[in-house]
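Scope of the values below: all heavy atoms of this structure, side chains included, with no hydrogens, waters or symmetry mates. Order of appearance sets the numbers: ligands from 1, and atoms from 1 within every ligand. Keep in mind that what you see is a predicted model, and the values were worked out from it rather than measured.
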Amino acid sequence: MIEDYKNFLKEILIDRSELQARIAELGEEISRDYKGKELLMVCILRGGVFFTVDLMKNVDIPHKVEFMAISSYGAGARESTGDVRITFDLQINIRGKHVLLVEDIIDSGHTLASVIEKLSVQAPASLEICALLDKASRREVDVPIKYRGFNIEDKFVFGYGLDIDDYFRGLPFIGVVDLDKYEPAE
Ligand code: IMP
Ligand code: MG
């Protein structure tokens, strides 16, 4: 079992109301941009799930949602390896659709760069990225982020979809891990 997150929570970086206010703005922007278009949101599991659901509540044009799961880390690692695997693929063809990828965080960029490369061959009408968090200083490959929730510094964060060793995704805020105080469970 993992210990209580309060033991290694350094600070709350973005609280519940800041998250919800920013997501409302993004929803408005997306609703405006995709008006009259067939919008398909693609949630990147598992981290993107809370963001996707709240974003959908704030997009007031008709839209659909699909899910995709990607694995880019070795077990327990905190760095993207660049070895990106689709562990659950889309169940539909996206040809001719306006696809908006919804992701929790862009770090090195390897995960989303690889997803974009894989989906582009299906010839969607458009393919854009909506990321809640952007750790731009960590970028290794360039990815075009159309909608960005927050720029954050290079800190390991958790909550609101983001995990620490697969735990604490359900917290309603984004917290920073104090890596000096966190002991990964064996
Ligand atoms: P990238 O391929 O390096 O851009 O990594 C993106 C993925 O790494 C995200 O989808 C997250 O799952 C994970 N990730 C990156 N930074 C963090 C973090 O600070 N906390 C939790 N997960 C993270
Ligand atoms: Mg993720």
Side-chain angles (χ1 to χ4, degrees), residues 2-3 5-15 18-19 22-23 26 41-55 65-90 99-120 127-185:
I2 196 165
E3 59 187 317
Y5 74 84
K6 292 191 185 85
N7 294 344
F8 52 78
L9 174 69
K10 195 172 214 166
E11 56 168 327
I12 292 179
L13 190 63
I14 310 168
D15 70 19
E18 284 176 282
L19 280 172
R22 182 69 187 119
I23 294 168
L26 291 171
M41 289 201 201
V42 172
C43 169
I44 310 294
L45 295 171
R46 288 158 285 181
V49 77
F50 289 83
F51 180 36
T52 302
V53 168
D54 283 337
L55 193 60
V65 66
E66 290 286 331
F67 298 89
M68 218 175 151
I70 318 291
S71 152
S72 56
Y73 287 4
R78 296 232 164 75
E79 307 261 311
S80 202
T81 55
D83 170 24
V84 178
R85 284 177 306 123
I86 294 179
T87 55
F88 177 73
D89 210 343
L90 286 176
V99 175
L100 182 60
L101 298 170
V102 185
E103 172 66 312
D104 52 0
I105 187 166
I106 315 279
D107 186 22
S108 71
H110 286 296
T111 306
L112 262 282
S114 162
V115 172
I116 294 247
E117 195 185 299
K118 288 180 168 109
L119 294 185
S120 301
L127 184 55
E128 303 288 358
I129 295 173
C130 177
L132 181 65
L133 306 176
D134 182 7
K135 265 192 217 175
S137 65
R138 299 251 311 166
R139 203 73 85 252
E140 288 169 18
V141 288
D142 196 35
V143 281
I145 305 177
K146 179 87 181 276
Y147 306 97
R148 177 186 288 96
F150 302 88
N151 277 304
I152 66 164
E153 284 171 39
D154 181 12
K155 293 172 176 169
F156 201 81
V157 292
F158 68 113
Y160 197 71
L162 295 123
D163 68 296
I164 179 144
D165 292 338
D166 279 322
Y167 288 96
F168 301 121
R169 294 185 195 273
L171 296 171
F173 56 79
I174 304 281
V176 177
V177 180
D178 186 339
L179 288 169
D180 294 333
K181 294 198 180 139
Y182 176 64
E183 291 281 338

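Annotation: G109 places an N or O atom under 3.5 Å from an N or O atom of ligand 1; distance criterion only.
A 6.0 Å sphere centred on CD of E153 holds no more than 12 heavy atoms belonging to other residues, nucleotides or ligands.
Taking every heavy atom of both residues into account, V141 and A113 meet most closely at CG2-CB, 3.8 Å. Between I174 and L19, the shortest heavy-atom contact is CG1-CD2, 4.0 Å.
Contacts between D104 and ligand 1, counted as non-hydrogen atom pairs separated by less than 4.0 Å, involve the side chain only. Under 4.0 Å from ligand 1, heavy atoms of V157 appear from its side chain as well as its backbone. In R138, neither the side chain nor the backbone holds a heavy atom less than 4.0 Å from any atom of ligand 1. Only the side chain of E103 comes within 4.0 Å of ligand 1, counting heavy atoms alone; its backbone N, CA, C and O stay farther away.
For ligand 1, the atoms sitting less than 4.0 Å from at least one non-hydrogen atom of D163 are 21 (C), numbered in the order shown with element in parentheses. Taking a cut-off of under 4.0 Å to the non-hydrogen atoms of K155, the atoms of ligand 1 that pass are 19 (O). Numbered from 1 in the order shown, with element, the atoms of ligand 1 that lie under 4.0 Å from a heavy atom of T111 read 1 (P), 2 (O), 5 (O), 6 (C). If you number the atoms of ligand 1 from 1 as listed, the ones under 4.0 Å from a heavy atom of K135 come out as 16 (N), 17 (C), 18 (C), 19 (O).
Residue-ligand proximity: F156 is placed with a non-hydrogen atom under 4.0 Å from ligand 1. Not close to ligand 1: G47, with no non-hydrogen atom less than 4.0 angstrom away.
When the side-chain hydrogen bond (donor to acceptor under 3.5 Å, both in side chains) test is applied to E11, the partners found at least two apart in sequence or on another chain are K155. For the side chain to side chain contact (heavy atoms under 4.5 Å, CB included) test, no residue two or more places apart in sequence or in another chain qualifies with D142.
Distances from atom 9 (C) of ligand 1 to the heavy atoms of I105, V141, D165, V176 show the closest one on I105.
Taking the six-membered ring where tryptophan is involved, the planes of F158 and F8 are tilted, since the angle between them lies from 30° to 60°.
For the side-chain contact (heavy atoms from CB on, under 4.5 Å) with L133, the lone residue among D104, L13, I14 that qualifies is I14.
In this structure a side-chain-to-backbone donor-acceptor pair under 3.5 Å is present from T87 to A69.
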